[in-house]
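Right, one structure below, let's go through it.
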Amino acid sequence: METVGDLRRTHGCGELCVDHIGENVVLMGWVKRQRDHGGVIFFDLRDRTGIVQVVLSPDESGDVFAKGETARAEYVVAVRGEVRRRPPGTENPKMATGEIEVVAKELRILNTVRSLPFYPDEAESVDEALRLRYRYLDLRRPKYWEIFAMRHRAAQEIRNFLTRKGFLEIETPMLTRSTPEGARDYLVPSRIYPGRFYALPQSPQLFKQILMVAGFERYFQFARCFRDEDLRADRQPEFTQLDLEMSFISEEELFALVEEMLADLFSQVLEKNVKTPFPRLKYREALDRYGTDKPDTRIGMEITNVSALVAESSCKIFAQTVQKGGVVKGIRVPEGATFSRRVLDELSRLAVDWGARGLAWFVLGGEEVKSPLAKLFTAQEMEALITAMGGKPGDLLLFVADKDEVAGPVLANLRLELARRLQLAKPEDFSFVWITEFPLLEYNEDEKRWEAVHHPFTAPYEEDIGFLETAPEKVRARAYDLILNGTEIGGGSIRNYRRDLQEKIFRIIGLPEEEAQEKFGFLLEALDCGAPPHGGIAFGFDRLLMLMLGRETIRDVIAFPKTQSATCLLTQAPASVTPRQLEELHISILERAEQKSPR
RNA sequence: GGAGCUGUAGUGUAGCGGUUAACACGCCGGCCUGUCAAGCCGGAGAUCGCGGGUUCAAUUCCCGUCAGCUCCGCCA
């Protein structure tokens, strides 16, 4: 092995082209692959800029050639040599630098490799657990350079945009206090105060509101957030929010700003035109039409409620469901009549998995309707049902008869499943939709109390304030979510800026006066000190990037993600600490028969 | 907390109640002056995730467990 010595890199591998022919260059990078022909050796040399072929010939230097024979894939080398046009017939059109090659005059092996668990080349087919353990090998791929370059550009673009709009990027504490409501907190024990804990922020929510009270008017931050809840493909325990807050604004102004920001982002980073303004759906409307508050609006097949139509029909299953207060809702699958019986059975089984009692299907042929339920309807009833659904010959109609809370989500899932099978959603399409007018409160049956749907700082619609005490379920929140292709990428609200209203809401969600004072006293006090009307929104930055890049997991856009069981396979975190550390923090570990330890 | 899928040389896979556990890539050695997924010849490399059970016999069947993934619950 050798040192870099006096060699200084002059070019990136991928920067070289025919313009450099005849130049002497110094390259440094990784040997992607070595092809030893006995009499001549080729390297593909890779650095962050790309790949170029290096030729080692005994005609140039016996020493260089001998050294080259020992080089292996992923060795780190420095090459001094001359850029040359490849001999006619040996150009490689598959390489960006395929017209040229570098003839090595000097080769220094800067670092070697024992045997690697896998090579970056083959990582695509390697088990993800192994890739996470050796994340640096996985990341040693152009794919990831592109992802992280894009992540950087996106953040940069947003910073520039918000800066132009008068926003200040301000950091808020990572060591803060645990507050009730919301997700489970990650706690950090205090050394100085035995038995007391900081919490890592779930979001900078209260700090950004207080910045508004402070008069900053426009704030944003790429904020790391922590939530100790179970993971999913699009959920990590620590993630990055693009958080922003503004004073003296209405929903309309915020929507316009966000739409402009995203349109700018998509055009600058993806060269995609995003149509603004984004469509809006009221929460109730979203549930009625899509069965979910985060609909994928790339796909059609909206839900139709046929409850009224079948309430008196001769089909008892349908009629009785409606009479008992349930609903019968369906979707029309265009061209779905081609589905085999086996597929229909699969869909039925899925519907049952999702909680339905069953799935009623009607295959619309030219003349007749094929369905296990067909004979339960009179001809007129069937005709009316098909008309209501807009059914045409060749279509498939699917119905779920159940409580509304069951039928909606089942049909929502069916929509997605059908879209997958029929490939209805084009990955290159980006379909945004705002969901508005969420309910402010929701009754929690387990805890026998009302709780905030969004968070307790969300303002109710002024005209609904009167219902707060009489009919809390009727109160609409000035909250909004932004949905992209069926994934929630952002959410926010106009906040309560007056102490009396905030206290009233705390009271209704069953937060006793003293507790409200203890946990949120600083906020209430701030509201009392001249808080302006304000509101904001926060985006899941990782999620947004995942969608922009068409990736299926958020892990792909995070350099060092955690596993589904919240461990880091690279560092083996979480790990045990020394008794001394625990003692200093005044912590003792409960004895447990079986101690779970990550490994 | 629950459901499902996966776990076999370094990597990806095949396999089967009794085999010498197979193949490809990689690795090691040799040959080779125009390859670019180089080629040819040879070689090494596996307690079949772990524990228990059934069986004359288990990598194979059963139970448990661990790990990874997907989903439900959870995620103001």
Side-chain angles (χ1 to χ4, degrees), chain A residues 32-45 51-60 65 69 72-74 84 86-95 97-98 101 103 113-134 137 179-185 202-203 205-206 225-237 239 350 353-355 409 413 416 438 440-442 444 446 450-458 477 479 488 491-493 505 509 511 538 540 552-553 555 561-565 567 569 594 596-599:
Chain A
K32 179 170 178 273
R33 211 179 276 276
Q34 181 238 39
R35 292 178 294 277
D36 184 348
H37 286 241
V40 61
I41 299 171
F42 300 99
F43 282 175
D44 290 332
L45 189 66
I51 296 165
V52 72
Q53 172 162 287
V54 174
V55 192
L56 306 178
S57 158
D59 309 339
E60 292 292 336
F65 188 78
E69 284 188 305
R72 297 289 176 270
E74 299 308 313
R84 178 171 87 178
R86 291 197 187 188
T90 65
E91 303 89 350
N92 185 350
K94 283 186 280 185
M95 282 176 87
T97 59
E101 59 193 8
V103 186
V113 156
R114 286 175 192 274
S115 76
L116 299 181
F118 62 89
Y119 290 83
D121 268 5
E122 58 181 353
E124 203 60 51
S125 63
V126 172
D127 183 63
E128 196 183 357
L130 198 68
R131 286 166 36 208
L132 289 176
R133 178 153 171 217
Y134 300 95
L137 293 179
T179 50
E181 307 268 322
R184 205 175 286 118
D185 283 318
Q202 295 182 27
S203 87
Q205 182 60 33
L206 295 175
C225 302
F226 304 85
R227 295 179 188 174
D228 188 2
E229 298 292 348
D230 288 332
L231 289 81
R232 289 286 187 282
D234 63 354
R235 256 162 50 188
Q236 283 272 308
F239 59 99
L350 282 170
D353 284 350
W354 294 323
N413 282 331
L416 296 179
F438 284 83
L440 185 72
L441 303 161
E442 190 175 47
N444 183 322
D446 295 336
W450 289 92
E451 57 185 31
V453 169
H454 186 57
H455 59 54
F457 318 109
T458 298
E488 181 194 328
S493 62
I505 287 166
I509 63 171
L511 196 65
E552 289 193 344
T553 161
R555 295 187 296 277
K562 302 214 167 23
T563 66
Q564 192 163 49
S565 47
T567 64
L569 294 178
E594 60 238 283
K596 201 176 170 179
S597 69
R599 175 71 275 253

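Just so we're on the same page: letters track the sequence lines, and every chain starts at 1.
- For the C1' atoms, the distance linking B:G17 with B:A58 amounts to 7 Å, nearest Å.
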For nucleotides 26-31 of chain B, list the nitrogen or oxygen atoms of the protein found under 3.5 Å from its nitrogen or oxygen atoms, one pair per line.
{"unit_1": "B:C28", "atom_1": "OP1", "unit_2": "A:R72", "atom_2": "NE", "d": "3.0"}
{"unit_1": "B:C28", "atom_1": "OP2", "unit_2": "A:R72", "atom_2": "NE", "d": "3.4"}

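- The salt bridge (charged side-chain N to carboxylate O under 4.0 Å, His left out) search around A:D44 returns A:R35, not counting sequence neighbours.
- The ring of A:F42 lies on top of the base of B:U35, close enough and flat enough: under 5.5 Å between centres, under 30° between planes.
- Annotation: ring-ring contact (aromatic ring centres under 6.0 Å, His included) contacts of A:W354 (sequence neighbours excluded): none.
- For B:U20, the base is anti relative to its sugar; the glycosidic angle deviates from 0 by more than 90°.
- Here A:E101 lies in heavy-atom contact (under 4.0 Å) with a base.
- Shown here are the side-chain contact (heavy atoms from CB on, under 4.5 Å) partners of A:L416, two or more places apart in sequence or in another chain: A:D296, A:I299.
- Between the side chain of A:E91 and the backbone N or O of A:G89 there is at least one donor-acceptor pair closer than 3.5 Å.
- Listed nucleotides B:U35, B:U11, B:C75 differ in distance to A:R227; the shortest reach to its side chain belongs to B:C75.
- Side-chain atoms of A:R86 come within donor-acceptor range of the base of B:U35, with a qualifying N/O pair under 3.5 Å.
- With RNA chain B read from its 5' end, the first of the two nearest nucleotides for A:P117 and A:H455 is the one closest to A:P117.
- Residues passing the side chain to side chain donor-acceptor pair (under 3.5 Å) test with A:N92: none are found, sequence neighbours excluded.
- Put simply, the side chain of A:E451 never gets that close to the backbone of A:I509: no donor and acceptor are under 3.5 Å apart.
- Between A:R35 and the phosphate of B:U35, there is no side-chain N or O to OP1/OP2 separation shorter than 4.0 Å.
- Although no hydrogens or angles enter the test, the distance criterion places a donor-acceptor pair under 3.5 Å between the side chain of A:Q236 and the main chain of A:K562.
- The P atoms of B:G1 and B:U8 are separated by 26 Å, rounded to the nearest whole Å.
- For B:A21 and B:U59, the C1' atoms lie 8 Å apart once the distance is rounded to whole Å.
- When the P atom is compared between B:A57 and B:G18, the two are found 14 Å apart, to the nearest whole Å.
- Considering A:L440, A:V453, A:I505, A:L441 in turn, A:L440 is the only one that fulfils the side-chain contact (heavy atoms from CB on, under 4.5 Å) rule with A:T458.
- Between the CD1 atom of A:I41 and the P atom of B:G34 there is a distance of 13 Å, rounded to whole Å.
- Here A:T179 lies out of heavy-atom contact (under 4.0 Å) with every strand.
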Table of protein N/O atoms under 3.5 Å from nucleotides 43-45 of chain B N/O atoms:
none

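- Remark: the separation of the C1' atoms in B:C27 and B:U11 is 11 Å, to the nearest Å.
- Rounded to whole angstrom, the span from the CZ atom of A:R84 across to the P atom of B:U35 amounts to 14 Å.
- The CD-P distance, from A:Q34 to B:C25, rounds to 17 Å in whole Å.
- Remark: A:F239 CZ to A:R227 CZ distance equals 4.0 Å, nearest 0.5 Å.
- Evaluation of the side chain to side chain donor-acceptor pair (under 3.5 Å) rule for A:T97 yields no partner, not counting sequence neighbours.
- When each of A:Q202 and A:G89 is assigned the nucleotide of RNA chain B with its nearest heavy atom, A:G89 is the one assigned upstream, toward the 5' end.
- Taking A:D230 as the reference, nothing meets the side chain to side chain donor-acceptor pair (under 3.5 Å) condition, with sequence neighbours excluded.
- At distances below 3.5 Å, at least one donor-acceptor pair connects side-chain atoms of A:Q202 with backbone N or O atoms of A:A183.
- The residue A:E451 sits apart from the nucleic acid: no heavy atom pair falls under 4.0 Å.
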Atom pairs, protein N/O to nucleotides 70-74 of chain B N/O, distance under 3.5 Å:
{"unit_1": "B:U70", "atom_1": "OP1", "unit_2": "A:R555", "atom_2": "NH1", "d": "3.2"}
{"unit_1": "B:U70", "atom_1": "OP1", "unit_2": "A:R555", "atom_2": "NH2", "d": "3.0"}
{"unit_1": "B:U70", "atom_1": "OP2", "unit_2": "A:R555", "atom_2": "NH1", "d": "3.4"}
{"unit_1": "B:U70", "atom_1": "O4", "unit_2": "A:Q564", "atom_2": "OE1", "d": "3.2"}
{"unit_1": "B:C71", "atom_1": "OP2", "unit_2": "A:A233", "atom_2": "N", "d": "3.2"}
{"unit_1": "B:C72", "atom_1": "OP2", "unit_2": "A:R232", "atom_2": "NE", "d": "2.9"}
{"unit_1": "B:G73", "atom_1": "N7", "unit_2": "A:R232", "atom_2": "NH2", "d": "2.7"}
{"unit_1": "B:G73", "atom_1": "O6", "unit_2": "A:R232", "atom_2": "NH1", "d": "3.0"}
{"unit_1": "B:G73", "atom_1": "O6", "unit_2": "A:R232", "atom_2": "NH2", "d": "3.2"}
{"unit_1": "B:G73", "atom_1": "N1", "unit_2": "A:D230", "atom_2": "OD2", "d": "2.5"}
{"unit_1": "B:G73", "atom_1": "N2", "unit_2": "A:D230", "atom_2": "OD2", "d": "3.1"}
{"unit_1": "B:C74", "atom_1": "O2'", "unit_2": "A:E229", "atom_2": "OE1", "d": "2.5"}
{"unit_1": "B:C74", "atom_1": "O2", "unit_2": "A:R235", "atom_2": "NH2", "d": "3.1"}
{"unit_1": "B:C74", "atom_1": "N3", "unit_2": "A:R235", "atom_2": "NH1", "d": "3.2"}
{"unit_1": "B:C74", "atom_1": "N3", "unit_2": "A:R235", "atom_2": "NH2", "d": "2.8"}
{"unit_1": "B:C74", "atom_1": "N4", "unit_2": "A:R232", "atom_2": "NH2", "d": "3.3"}
{"unit_1": "B:C74", "atom_1": "N4", "unit_2": "A:R235", "atom_2": "NH1", "d": "3.2"}

So which protein N/O to nucleotides 4-9 of chain B N/O distances come out below 3.5 Å?
none

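- Look at CG on A:L56: it is 17 Å from P on B:C36, rounded to the nearest Å.
- Closest to the A:D127 side chain, of the nucleotides B:G12, B:A38, B:G68, is B:G12.
- No engagement by A:D353 is indicated, since no non-hydrogen atom pair under 4.0 Å with the nucleic acid exists.
- Closest to the side chain of A:A183, from the set B:U33, B:C75, B:C36, is B:C75.
- Taking the C1' atom of each, B:A14 and B:C28 are spaced 25 Å apart, rounded to whole Å.
- Residue side chain A:H37 fails the stacking definition with respect to B:G34, as its ring centre and the base's six-membered ring centre are not both under 5.5 angstrom apart and under 30 degrees in plane angle.
- Distance from the side chain of A:P87 is smallest for B:G34 among the nucleotides B:G68, B:U11, B:G34.
- Counting any heavy atom pair closer than 4.0 Å across all strands shown, A:E91 reaches a base atom.
- Without hydrogens or angle criteria, A:S57 side chain to A:V40 main chain gives no donor-acceptor distance under 3.5 Å.
- Legend: residues meeting side chain to side chain donor-acceptor pair (under 3.5 Å) with A:E442, ordered by chain and number and at least two apart, are absent.
- For A:R131 and B:G12, a side-chain-to-base donor-acceptor distance below 3.5 Å is absent, hydrogens and geometry of angles not being considered.
- In this structure, A:L569 CG and A:T563 OG1 are separated by 5.5 Å, a value rounded to the nearest 0.5 Å.
- Atom name C1', nucleotides B:A22 and B:A46: the rounded distance is 12 Å, in whole Å.
- In this structure, A:R235 has no salt bridge (charged side-chain N to carboxylate O under 4.0 Å, His left out) partners at least two apart in sequence or on a different chain.
- Comparing B:G51 with B:U19, their C1' atoms are spaced 26 Å from each other, to the whole Å.
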